[in-house]
Amino acid sequence: MGTPEAAVPSLRRLVEDGHDIVAVWTQPDKPSGRGDKMHSPSIKEFALARGLRVEQPQKIRIPQAKDLFASYEAEVGVVVAYGRILPPEYLRAPHRGCINVHFSLLPLYRGAAPANWAIVNGEAKTGVTTMFIEEDLDAGPILLQRETNIGETETAPELMQRLADIGADLLGETLAKLDVITPRPQHDRDATFAPLLKKQDGFIDWTSNAATIERCVRGFQPWPTAYTHHKSHRLIVWRATAEESSLDGSMGEVVVAHGDHLVVKCGDDTALRLIEVQPEAKRRMDVRDFLNGTHLKVGDRFGEV
RNA sequence: CGCGGGGUGGAGCAGUCUGGUAGCUCGCAAGGCUCAUAACCUUGAGGUCCCGGGUUCAAAUCCCGGCCCCGCAA
């Protein structure tokens, strides 16, 4: 069971390891992108290409869906970023239970967006955990874990891709050693949470330290992105670096604007040097291009709507 | 038929409402100038104004149709 791109490496690994995959469950196609085009989950594309059986129930809490799931009499259920909380019937249906691949070092960062929050919070490392699923969210007994360091300039999509690959490896190892692994219970008192991201999370607070903002720039990709406002238009910041700044200016004010250089004053005598941005309704561009077209001046202010 | 923005020399944009010589900030080329700077000055090359119709003496601009890009919302 899985849905987005991050789940694909795990499914590929299951196929390559020769596991008998009775069915692939994923979320229904949804309208996305412009217009009213329907979009299939990445997992569905992959599964269909391999000739696997795909199920996309609209509702998983109805008896028909539960019965269908139970009817497979699977040995084990594997869940990677499915995007739904599974009712208890699902957890009990496979003979050996359901295994989840979670993209953090549990009990840290339980929840929907562990990679994003790990970057935003400035963690030096994170990792992947395989565990048995229990009813409480991401709280089941741990099977295996693997750590990885977070790069200084690594973005959330980059990290996510690495974790997806690590997760696939770890899943393969977990299944291979399932008979000999002793599950370790999590200590709930050590748990932290990585809640679902909201649009508002990406709104840049220029009173923060520039280093904090820079982590938001990397961590809130590909959505909601770190953004601000300029002359009532949205401006997404895709790449930036933090630096010290003794220049005068209020927080959110442009203190340097020429050539390739666009620097915005932040809190704690720091400043954010923007490198790549994206104006509303425009494509991503280097700061030089942005400045050429907008004729932005020192003293202009970001963040005011 | 979800909402909206856009397609103009190599880049980013203005001009479109109110048709009438193709403009700005850069880049590129050549020359000049300076102890120096975010260097500066001069000159130059480079354009089917997305495509196809229509209206008009005249269309980047107005009308109809099409293609492509982007943001929002999901």
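First the proteins, then the strands, lettered A, B, ... as listed; each starts at 1.
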_Residue-phosphate contact under 4.0 Å: A/Arg234 side-chain N/O, B/C72 OP1/OP2_ = yes
*Which part of the nucleic acid, if any, lies within contact of A/Lys282, taking any heavy atom under 4.0 Å across all strands shown: a base, the sugar-phosphate backbone alone, or nothing?*
sugar-phosphate
*OP1 or OP2 of B/C72 sitting under 4.0 Å from any side-chain N/O of A/Lys199?*
yes
*What nucleotide, of B/A73, B/C69, B/G12, holds the atom closest to the side chain of A/His295?*
B/G12
*To the side chain of A/Arg288, which of B/G71, B/G12, B/G27 is closest?*
B/G27
*asked:* Please evaluate residues A/Tyr109 and A/Phe193 with respect to the criterion ring-ring contact (aromatic ring centres under 6.0 Å, His included), reporting the C-alpha separation (whole Å), side-chain torsions for both, the decisive distance (0.1 Å), and the verdict.
replied: CA-CA 4 Å; A/Tyr109 294 101; A/Phe193 293 88; 9.8 Å; no
*Whole Å only: how far is the CG atom of A/Asn292 from the C1' atom of B/A38?*
13 Å
_Transitive ILVMFWY cluster of A/Ile142, excluding itself - 4.5 Å side-chain cut-off_ = A/Leu106, A/Met131
*May I ask you to check whether A/Thr207 and A/Asp205 show a side-chain donor-acceptor distance below 3.5 Å?*
yes
*With rounding to whole Å, what would you report as the distance between B/C13 and B/U8 at their P atoms?*
9 Å
*Is any side-chain N or O of A/Gln278 closer than 4.0 Å to OP1 or OP2 of B/G71?*
yes
_Of all pairs that satisfy salt bridge (charged side-chain N to carboxylate O under 4.0 Å, His left out), the ones with a partner from residues 248-258 of chain A, not counting sequence neighbours_ = A/Glu253-A/Arg301
